[in-house]
Every structure is written in structure tokens, then in C-alpha cells.
Chemist: 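I'd like to ask you about the structure that follows.
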2 protein chains.
Amino acid sequence: MADKDQGASARAAKPTINDVARLAGVSKKTVSRVINRSPLLNDETRERVEAVIRQLGYVPNPQARALALGRNFLVGLIHDNPNAQMVLNVQHGILEALAGTDFEMVVRPVDRNSSMLLDDVRAFLERQRLFGVVLLPPISENDALARLCDEVGCRYVRMGSAQLDSSEHMVASNDREAVREATAYLIQSGHRLIGLIEGPDGFRSARERRLGFEDAIKAAGLKLARSLIAGGNYTFETGVTAANRLLDLSPRPTAIFASNDEMAAGIVFAARERGISVPDDLSVIGFDDTPIAAHIWPPLTTVRWPIVSMARSAARKLVGDVVLPGDDSQPSMLPSMLVKRGSVAPPKPEVA
Amino acid sequence: MADKDQGASARAAKPTINDVARLAGVSKKTVSRVINRSPLLNDETRERVEAVIRQLGYVPNPQARALALGRNFLVGLIHDNPNAQMVLNVQHGILEALAGTDFEMVVRPVDRNSSMLLDDVRAFLERQRLFGVVLLPPISENDALARLCDEVGCRYVRMGSAQLDSSEHMVASNDREAVREATAYLIQSGHRLIGLIEGPDGFRSARERRLGFEDAIKAAGLKLARSLIAGGNYTFETGVTAANRLLDLSPRPTAIFASNDEMAAGIVFAARERGISVPDDLSVIGFDDTPIAAHIWPPLTTVRWPIVSMARSAARKLVGDVVLPGDDSQPSMLPSMLVKRGSVAPPKPEVA
DNA sequence: GCATGGATTGACACCGGTTTCCGAATATCA
DNA sequence: TGATATTCGGAAACCGGTGTCAATCCATGC
């Protein structure tokens, strides 16, 4: 009751498909064919209708299309906020891929630890009838979630650090190889006692990065000491804590690889508190190449994770069929690369 | 052509309003009344229908409702990525306010400098027929954008650093007063030569913060030296550049206030490069209280900007009428507060 | 000149809700 | 008990597109 006048009288009513049809002297269906780029359509008719569309400034109503088609034009981004910069980068990547299409992006943060996770997501997907979703790590590593998407008939693409689904449903980076390379770089710089701050249990990225680390250590014939591996949580604070544990060791490691930049920044923070100089007394390498990596002192040598490209690729995989039929060429694997900055130096002679 | 079987046969068809009506032995209209909480409805009937809804797990189709009602259930977030953490905080605030309602959030980054800005946004709003939008600073300071929203009949709420629209359309913080307080704190600590790195021209937040700075300087009877004010761009890099300019002065300022944390981090970075100790040789205060403020060394004294609360309030203002009719109680002004950490100390005697 | 057939086009039902209009049922009241 | 007011429920139209299927048109072949 008590309807509000939203100023409808002030602005012209939006033209509908019927208006276009009437002015062009064709049927609704034909206009619909023009909109949907149907190939079985006379060029002359198409042009006439398009002229009317331009003249009227007609825009098809997405809600009506969504209802008729049984699905809307929304791509969901489901994430368990791992890191603000990363989430925003992903949003940009997705929107880049969606630009110029009819699709929009809706964002859905979820709580990884909630017992309601699957129910929440199911309700979200069923209610909104999304066209598809992009799943961000770490939540993308949850197989139950992928199965749920299948079950409710929602397309999905998972982003992650390893190929944990068919290439149709996956965009991955090669974390293991990239970390092997980063660690090899430390070894090549002369380090022999190298610490690792790994990510949380159950994270695929943590596992892949740890495996890469181990690959390099083994390949160099070094000993893989259990004590040189500390656990972290991908947060700055746990980076500080883990770094303190490693820096208490004797002999002390001369270099530490952290599974992400936040924790690497924590190492630098902890080192500074103890008067340990980075990189003179301690070399540090992180992972991700978030802005913090370039903004702390010294600038962090890190592995650049191609998150924007991955997101773009993921979104294209989702809507590719519709936008560019037959374009199945989105890559499923994008390489991570070592970025050398100022946090790595050869170890001091007396330590080595 | 070439329809794909999306596994429809595998999952049960979704119940429609007709199924509910049949099972409850009532008409569609009655079910619709239950869904829309119509007051003219027998309690007994309502309960019976609700029981069936629960039993069937019925969820009204948002696309159909959107079509019938002429508006959808989407709240847009329009931003010109000022800072990842801030954008994500705003997303969380909005989604908090929207949780439990039928609304979803769609995100729309725009380019402040694009000549197509207004056309892009207009196309977006007209196409999607959004229920409403939240405008983030700095783009929220664009009056033309607000007028555009009015024009296309889209509700809007602007977030910002000053009350630049009616309270119905605005959620603001009191930046000027908060910065006055922060600067007064520096003066009270003994500083007399205080630098300012301000935000870019044309940003309302930059202006408000500068005014607060000037308020405090004048109130203390200090001289407002033009040379002590440097311009920045709200980025880390310009913070470094501006800090270098100020630190080249002789006599050198003993404290610097930066209009945001990124630039304040740039000051700390520049100081470290020059061997100037923070806070012993230089005190620094930032603004925003982003995570970087707590994660650099020393932890940054800063002004906490209540961005999450502002976003929540903004979203509630938008959908409040629908969700809680008559709830007009969302605040339009939320206070910023000084957070004291480790980057401020009294100036050294010989410098003072 | 007429049948054949591919290329175009249009009529109509339908997606799943909301709303209008009106008849029916219940409650209140004389 | 009958009349009137009030509330509730049902049929059908409508929101603005899309799918199905048949009709129409024109060129070609005999």
C-alpha cells in the first residue's frame, strides 16, 4: 500500500520489444532474433530493426530474458576472503572478461568454517539461478562445493594452485614448479640452511608450495630438516610467530621462504624487531606479489601469482560458449614467475 | 540449436508457486500474499501455506518477481578502486546489511577519468534496473553521477568524508574533526614543525583532511607554512616522493601527517631509506587504519575510518524501506577515531 | 505453369510470479 | 434472521522476453 511515486512521470517509459516490433513493422520474435544474433535472418530486416533499436535506445530487459531462459546473466564470485588485494584482482579479472557482454558479477563471501557453508551456497545458487560461479582458493579446493554446483546445475570454474578438476572446470597455476625455482634461487645464492613457513593444513596451495620447496632442497642434495619448517596461517601475525620460532634456532637459517607475502612481511617485521637485517643477515622470499611485497623495506623478492589472468580466463571459460560460441581456447594453466627485488642476498661468510 | 542436456533429469524440478498453492489448497494469490507478508490474511491460512512452503523447500523465483515488480533485487556498488582493502570492507558492510534479505550485491568498478564514465554508468543502471546503488569515494563526490541516478530513477547513497548530499542520500564521516584531533595530538606531543601530505586535488576527503590539519595548526597558534604541505595521490609511491620533498627541508619537520595510510607507509619507507628513525627522528600519522598500518614497522598511529559501518548503514538506507518499513534510523554520520600505535613520539630535544 | 524446398517470418503458448477485478464467505449489526 | 460491511480467494491479464511450429515467400527444376 501507500505506493511511492518514484518520479516515473518525469522520465520516459522504457521502450519494450513490442515498441520496436511495431515501429519496424515486424514481430516480437524477429526483434528477439536480432537481439540474439540469430543467423537465419535477412540482412535487410536485421538492419531495419537495428536502426529502430538505436533510434529508440531500446535495451532488452534482463529480468524478462532471465525468466524466459530460466537462467540469469549473473556470474557469481564465491570466496572466503583470503586477502583483499587478491579478491579485488580477481574481481577485476572477471569483469574484464565480462565487459561488453550482458553479464554482471555478484560477489558472495562465505565462511569456510561455517557448518552451514554448503547449505548457504546451495540456497544462494538455487535462489539466484546464477549462470555460473568462479570459486576462489582456498574455498575452491573444497570438492563438496564443486559437487554441489553440479548438483544444482550451475556451471563453475575453480581457481587454484594445482589441477584439481578437469580443465573445463579449472584454472590453475604451477605453484610447485615456481616455488622449486624460487628455492633453487636461494640455494644458488649460497644458502644452505633454508627455512619454510608453510600455509595452513588442508590448503592445496600450501601443499603445492611445500612440495616445490622440498623438490628444490632434495634436488640440491640438502637435508630436509623438520625443524626448519614452521606452520603459518597465511596471515601477517602467524608469519611473525613462525619467523620467531625459526630465528630462535641455532644454527639460525640464513634464508626463509614463506608461502605467501603476508607471512613474508611478518618475517621481515620479526627480523627487524630482533635487529636482524634483511637481506644481509636473512634472505626472504614470499609468494603472490601483492602490493605489500613492493611496499615494505626491503622490497620483497617474491613469486608473482598470475591471479588476474587466471580470473579472466576463468570467467571466459564460464561465459565463452555464449559470448563466443566454440571458443574453447582458454588456458587452464598459467605460470607463476619469480620476481627478484631486494630481500635476497648471499649469506654472510661466517654464517655459511 | 544443439541444446545441451544440463542434467535436468538428474535433479528434481523446483517447486513453483502453483505447487505450493495446490498442496495447500489455496490459490496462487494467497501464496503470493504469504510471501509478501500481506496483512490482510487469515493467520490459520498463512500458517498452513508456510508449512507447505517449508515442506517443499519452495523459494520464489527472483527473476519472475523482478519482472512482475518492475525492479530487481540487486544493490550495486560503484567504485573507482581507491584501495583494495577499503573496497572489500565496503563489500562486507553492504553484504552484512543485505544478509537475510532477498537482495544481492553486484559490483561495478569504473574509471574516474574516462570520458565515458557517465554513459557507462547510465547504461549499467538502465540495463540492470538496479534497486539502488552505493557510491564509494572518491567517485561518490561526483555530483553529476548522483544526478544521473536520480534521472534514471535509481536510488543511491553516497559515502564520503563530508555531508555532500541530503542525509537520505549520504553516509559521511567527520574527517575534518578527526584530523584536527590527530594533528592536535602531534602538537601536544611537542611537535612544532609538522608536515602534511595531502590527497589529490578535487577529492573531498583530501580537502576535509587538509582543513582539519589547518584547523589544528591555527588553533595552536603555529604558522601554516606552504612549504610544509606536499601533494600526493593516495598511493604509496607518491607518499615516498612527497616525503622525500619534506625531508629535504631545513629545518626538517619532526612530524608528518599523511592523508591516508598508503602514503604514510611511503613516509616510513622514505625515512628508512635515509636512515631517519620513526618515531625517534620523525613521527608519522596516517588515515584509514588499513591493515598495512598495523603491519609495517613501526606500527602506524592512524585515524580509523569507520568504513564498514558506513557501508552497512548505506546499504540499510537503501533497502530499509523494503526490509523494515518505516525504519529511517540509519545514521548519516559516523565518527572517525584516532588509533595510537608506535609511530609518534616527542621530538628530539636538539631538533625542537 | 506447377511442384519442391530452403530461407524468413509470425502466431501463440510459456517462463513464474504479481495485480486487477469480482464473486464468495465470514463477521458484525440491526 | 436478514442485511450490510469486511475480508478472502479465484480467474485471468500482465510483466517482457523466448521457444515451437507452421505459414509465407522466392528461386529453382521439370
Chemist: Any N or O donor-acceptor pair under 3.5 Å from the base of D:dG19 to the side chain of A:Arg33?
Modeler: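 Side chain to base: no pair below 3.5 Å.
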
Chemist: Check A:Asp143 with A:Arg158, please: is the shortest side-chain N to carboxylate O separation under 4.0 Å?
Modeler: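 Here A:Arg158 pairs with A:Asp143 in a salt bridge, since their nearest N and O are under 4.0 Å apart.
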
Chemist: Within the structure shown, what part of the strands sits under 4.0 Å from A:Val26 by heavy-atom distance: base, sugar-phosphate, or nothing?
Modeler: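 Sugar-phosphate only.
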
Chemist: Would you say the base of C:dG17 and the side-chain of B:Lys28 have a donor-acceptor pair closer than 3.5 Å?
Modeler: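 Pair found.
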
Chemist: Given C:dT19, C:dT9, C:dG16, identify the nucleotide with an atom nearest to the side chain of B:Leu69.
Modeler: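 Looking only at heavy atoms from C-beta outward on B:Leu69, the closest nucleotide is C:dT19.
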
Chemist: Taking the inter-plane angle between the rings of B:His92 and A:His79 on a 0 to 90° scale, is it parallel (under 30°), tilted (30 to 60°) or perpendicular (over 60°)?
Modeler: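 The rings of B:His92 and A:His79 stand perpendicular, inter-plane angle above 60°.
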
Chemist: Indicate, with a heavy-atom threshold strictly under 4.0 Å, whether B:Ser27 touches base, sugar-phosphate, or nothing.
Modeler: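 Touches a base.
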
Chemist: Charged N to carboxylate O below 4.0 Å: is that the case for B:Arg22 and B:Asp19?
Modeler: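 Salt bridge flag = yes for B:Asp19 with B:Arg22.
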
Chemist: Would you indicate what A:Asn18 reaches in the nucleic acid, counting non-hydrogen atoms under 4.0 angstrom: base, sugar-phosphate, or nothing?
Modeler: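 Here A:Asn18 touches no strand at all.
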
Chemist: For B:Gln63 and C:dC14, what is the distance between atoms CD and P respectively, to the nearest whole Å?
Modeler: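 Going from CD in B:Gln63 over to P in C:dC14 covers 21 Å.
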
Chemist: Mind checking if A:Leu67 touches a base, just sugar-phosphate, or nothing, with heavy atoms under 4.0 Å?
Modeler: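 Answer is base: heavy atoms of A:Leu67 come under 4.0 Å of a base.
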
Chemist: Whole Å only: how far is the CD atom of A:Glu47 from the P atom of C:dT8?
Modeler: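 So the CD-P distance, A:Glu47 to C:dT8, works out to 13 Å.
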
Chemist: Using heavy-atom distances to pick each residue's nearest nucleotide on DNA chain D, tell me which of B:Lys29 and A:Asn36 is more 5'.
Modeler: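 Final value for this comparison: B:Lys29.
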
Chemist: On DNA chain D, compare the nucleotides closest to B:Arg48 and B:Ala68; which residue's is nearer the 5' end?
Modeler: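 Its nearest nucleotide lies further toward 5', so the answer is B:Arg48.
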
Chemist: Just N and O in the side chain of B:Arg65: are any of them under 4.0 Å from OP1 or OP2 of C:dT18?
Modeler: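 For C:dT18, OP1 or OP2 has a side-chain N or O of B:Arg65 closer than 4.0 Å.
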
Chemist: Measure the distance from CG on A:Asn72 to P on C:dG16 and round it to the nearest whole Å.
Modeler: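 So the two atoms are 14 Å apart, to the nearest Å.
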
Chemist: Is the backbone of B:Ala66 close enough, under 3.5 Å, to the side chain of A:Gln63 for a donor and an acceptor to pair up by distance?
Modeler: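 Such a contact is absent between A:Gln63 side chain and B:Ala66 backbone.
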
Chemist: Please check: side-chain N/O of B:Arg112 versus main-chain N/O of B:Ile139, any donor-acceptor pairing under 3.5 Å?
Modeler: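 Looks like no, no N/O pair under 3.5 Å.
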
Chemist: Are A:Arg127 and B:Asp102 within salt-bridge range, i.e. N to O under 4.0 Å?
Modeler: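 Looking at A:Arg127 and B:Asp102, the cut-off is met.
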
Chemist: D:dG17 P sits how many Å from A:Arg71 CZ, rounded?
Modeler: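 A:Arg71 atom CZ is separated from D:dG17 atom P by 16 Å.
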
Chemist: Give the rounded distance in Å between these two atoms: CZ of B:Arg46 and P of D:dG9.
Modeler: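 It works out to 11 Å between those atoms.
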
Chemist: Between atom CG in B:Asp43 and atom P in D:dT7, what is the gap in whole Å?
Modeler: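 To the nearest whole Å, that distance equals 14 Å.
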
Chemist: Classify A:Leu41 by what it touches in the nucleic acid, base, sugar-phosphate, or nothing, heavy-atom distance under 4.0 Å.
Modeler: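 Since only primed, P, OP1 and OP2 atoms lie under 4.0 Å of A:Leu41, the category is sugar-phosphate.
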
Chemist: What is the distance, rounded to the nearest whole Å, between atom CG of A:Leu40 and atom P of D:dC25?
Modeler: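 Roughly 19 Å, once rounded to whole Å.
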
Chemist: Give a yes/no on whether any side-chain N or O of A:Thr16 is located under 4.0 angstrom from OP1 or OP2 of D:dG16.
Modeler: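 Answer is no, no contact under 4.0 Å.
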
Chemist: D:dT18 phosphate, OP1 or OP2: any side-chain N/O from A:Ser32 under 4.0 angstrom?
Modeler: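 Checking D:dT18 against A:Ser32, a side-chain N or O does come within under 4.0 Å of OP1 or OP2.
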
Chemist: To the nearest Å, how far apart are B:Ile17 CD1 and D:dG9 P?
Modeler: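 After rounding, the gap between these two atoms is 13 Å.
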
